[in-house]
Chemist: 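Here's a structure for you.
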Amino acid sequence: MYDYDLLVVGSANADLVIGVERRPGAGETVLGSDLAVHPGGKGANQAVAAARLGARTVLLARVGDDAYGRLLLDSQRAAGVDTVGVLVGGAPTGVALITVDPSGDNSIVVSPGANGRLAPADVRAAACLFQAAHVVSAQLEIPLETVTEVVRCLSPGSRFVLNPSPPRPLPSEVLAACDPLIVNEHEAKVILGEACVSDRPEDWARLLLAKGPRSVVVTLGAEGALVADADGVARVPSVKVGAVDTTGAGDAFTAALAYRLGTGSSLAAAAGYAARVGAAAVTKEGAQVSFPTAEEVDALCCAIPGDNPGTPGRRSGSGGASGTPQRGEVQ
């Protein structure tokens, strides 16, 4: 029996969000809305999203000894996340500068701060958390060598889920542990590199599988998603909702998928549920404050009879689930 359904190893940022009519070009200044500060970061987002759904969740991350760090710790605890693995100090808390346009698309610049100091030694020191977790989820807003150490510390029988965002080439050791590797179009192309010789998502999934992951999920925005493993490639349709803000929706998708895999759901069923979670998240502003409870996800399903589960997000971990493909990167 595991103490935790999900261990999330990753980043914790303060999201500084400004609404804009349009994003500025090079050398251009535009006026925006009042600044809003929210707890964010891909790791912290995933932990909160999973806990809101009822998962017993623990976070391994690093924040600064500052006001933003306290904001992040408070938000984790309020959601029910165990923060025993959150380290404090070493650098200022990471910050994400986010602009959101009227369509809900966003652009993000991240200053890693303390996230860049989450080291392999911190992972080794948290061995007890790995032994207690059914599923382990990670992203790439922390050093790649730390993610590699996460793979080495996995306990027998646990499952590893990776969303490689921001994308970069991955070592074979990390790829081989992924079950699944969750990518969008941009991430798939970066990881495949010169091997990306096709414009068909089905081919990306097969080529990614050939690189070593045990399974792959490719998110395709308004077109849904693909799930791929040794049994083949299958489509997961999308859910139609009105997107307000895609920030964090990809993290909600990944967290929900990881949680449901740990409960024994098939990859396709987990992706279908995750799609409804991501769709619910884009209907509200902000990242963590937009993440739905299990009851809200069920209500969304009932409110759209005839629609099939799908997945938000074509861009980096993104979460647009409306009829118009979402273009902005989300946390």
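Just so you know, these numbers come straight off a predicted model, no measurement behind them. All residue numbers in this chain count up from 1 along the given sequence.
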Chemist: Between Arg235 and Leu220, is a side chain to side chain contact (heavy atoms under 4.5 Å, CB included) present by the stated rule, with each step listed?
Modeler: CA-CA 10 Å; Arg235 283 267 181 173; Leu220 300 169; 3.3 Å; yes
Chemist: I'd like to know if Val84 and Leu7 are part of one continuous hydrophobic network [Ile/Leu/Val/Met/Phe/Trp/Tyr, side-chain heavy atoms within less than 4.5 Å].
Modeler: yes
Chemist: Carefully, step by step, assess Glu202 and Arg206 under the rule salt bridge (Lys or Arg N to Asp or Glu O under 4.0 Å).
Modeler: CA-CA 6 Å; Glu202 290 83 358; Arg206 294 186 182 98; 5.9 Å; no
Chemist: Less than 6.0 angstrom from the centroid, inside 45 degrees of the normal: does Arg260 satisfy that with respect to the ring of Tyr273?
Modeler: yes
Chemist: First locate atom CG of Asp3, then atom CG of Asp82, and finally report the distance between them rounded to the nearest 0.5 Å.
Modeler: 9.5 Å
Chemist: Any heavy-atom pair between the side chains of Val277 and Phe291 that's under 4.5 Å?
Modeler: no
Chemist: Is the closest side-chain heavy-atom distance between Glu141 and Asn115 below 4.5 Å?
Modeler: no
Chemist: If you group Ile, Leu, Val, Met, Phe, Trp and Tyr by side-chain heavy-atom gaps below 4.5 Å, do Leu144 and Leu60 land in one group?
Modeler: yes
Chemist: Do you see a donor-acceptor pair shorter than 3.5 Å between the side chains of Thr83 and Arg77?
Modeler: yes
Chemist: Just to verify, which of Leu97, Ile98, Val37 counts as forming a side chain to side chain contact (heavy atoms under 4.5 Å, CB included) with Asp15?
Modeler: Ile98
Chemist: Answer with yes or no whether the hydrophobic clustering places Tyr68 together with Leu35; edges join I, L, V, M, F, W, Y residues whose side-chain heavy atoms lie under 4.5 Å apart.
Modeler: yes
Chemist: Donor-acceptor pair, distance only, cut-off 3.5 Å: does the side chain of Arg62 make one with the backbone of Ala91?
Modeler: no
Chemist: NZ/Lys211 to CG/Leu209 distance, rounded to the nearest 0.5 angstrom?
Modeler: 12.0 Å
Chemist: What heavy-atom pair brings Leu72 and Ala14 nearest, and what distance separates the two atoms?
Modeler: CD1-N, 4.2 Å
Chemist: Got a second to check how far Leu257's CG is from Thr219's OG1, nearest 0.5 Å?
Modeler: 11.0 Å
Chemist: Looking only at non-hydrogen atoms, find the nearest pair between Ser265 and Ala269 and report the distance.
Modeler: CB-CB, 4.3 Å
Chemist: For residues Arg124 and Cys153, determine if any side-chain heavy atom of one lies less than 4.5 Å from a side-chain heavy atom of the other.
Modeler: yes
Chemist: Under 4.5 Å between any side-chain heavy atoms of Ser158 and Val135, yes or no?
Modeler: no
Chemist: What pair of heavy atoms forms the shortest contact from Val95 to Leu16, and how long is it?
Modeler: CG1-CD1, 3.5 Å
Chemist: Check the pair Leu118 / Val9 against side chain to side chain contact (heavy atoms under 4.5 Å, CB included), numbers first and verdict last.
Modeler: CA-CA 9 Å; Leu118 187 65; Val9 185; 4.2 Å; yes
Chemist: So Glu21 and Pro102, do their side chains get closer than 4.5 Å, heavy atoms only?
Modeler: yes
Chemist: Nearest 0.5 Å, what's the OG-CG distance between Ser215 and Leu261?
Modeler: 7.5 Å
Chemist: Could you tell me if the side chain of Val217 sits less than 4.5 Å from the side chain of Phe253, heavy atoms only?
Modeler: yes
Chemist: Going through the checks in order, is the side chain to side chain contact (heavy atoms under 4.5 Å, CB included) test met by Glu295 and Asp298?
Modeler: CA-CA 5 Å; Glu295 292 76 16; Asp298 291 341; 5.5 Å; no
Chemist: Evaluate the side-chain proximity of Ser137 to Leu6: yes if any heavy-atom separation is below 4.5 Å, no if none is.
Modeler: yes
Chemist: Could you state whether Val30 and Ile108 fall into the same hydrophobic cluster, counting links through intermediate Ile, Leu, Val, Met, Phe, Trp or Tyr residues with side-chain heavy atoms under 4.5 angstrom apart?
Modeler: no
Chemist: Shortest non-hydrogen contact from Asp122 to Arg117?
Modeler: OD2-O, 3.4 Å
Chemist: Can you find a heavy atom in the side chain of Pro164 that is under 4.5 Å from one in the side chain of Val183?
Modeler: yes
Chemist: Return yes if some donor-acceptor pair links the side-chain N/O of Asp65 with the main-chain N/O of Gly89 below 3.5 Å, else return no.
Modeler: no
Chemist: Would you compute the distance between atom CD of Gln76 and atom CG of Leu71 and round it to the nearest 0.5 angstrom?
Modeler: 10.0 Å
Chemist: Measuring from Arg56:CZ to Tyr259:OH, what's the distance to the nearest 0.5 Å?
Modeler: 8.5 Å
Chemist: For Ser11 versus Lys42, what's the shortest heavy-atom pair and its separation?
Modeler: OG-N, 3.0 Å
Chemist: Indicate whether the side chain of Ser103 and that of Asp101 have a donor and an acceptor atom separated by less than 3.5 Å.
Modeler: yes
Chemist: Report yes or no: do Val20 and Val17 belong to one cluster of Ile/Leu/Val/Met/Phe/Trp/Tyr joined by side chain heavy-atom distances under 4.5 Å?
Modeler: no
Chemist: If we ignore hydrogens and angles and just use 3.5 Å, is the side chain of Glu296 paired with the main-chain N or O of Thr293 as donor and acceptor?
Modeler: yes
Chemist: Evaluate the criterion side chain to side chain contact (heavy atoms under 4.5 Å, CB included) for residue pair Glu149 and Thr146; output intermediate values, then yes/no.
Modeler: CA-CA 5 Å; Glu149 192 64 29; Thr146 303; 5.6 Å; no
Chemist: Can you name the one residue among Leu162, Leu181, Leu140 that meets side chain to side chain contact (heavy atoms under 4.5 Å, CB included) with Val174?
Modeler: Leu162
Chemist: Would you confirm whether Asp229, through its side chain, and Arg214, through its main-chain N or O, come within 3.5 Å as a donor-acceptor pair?
Modeler: no
Chemist: Which atoms form the tightest heavy-atom contact between Ala268 and Val236, and what is the distance?
Modeler: O-CG2, 4.4 Å
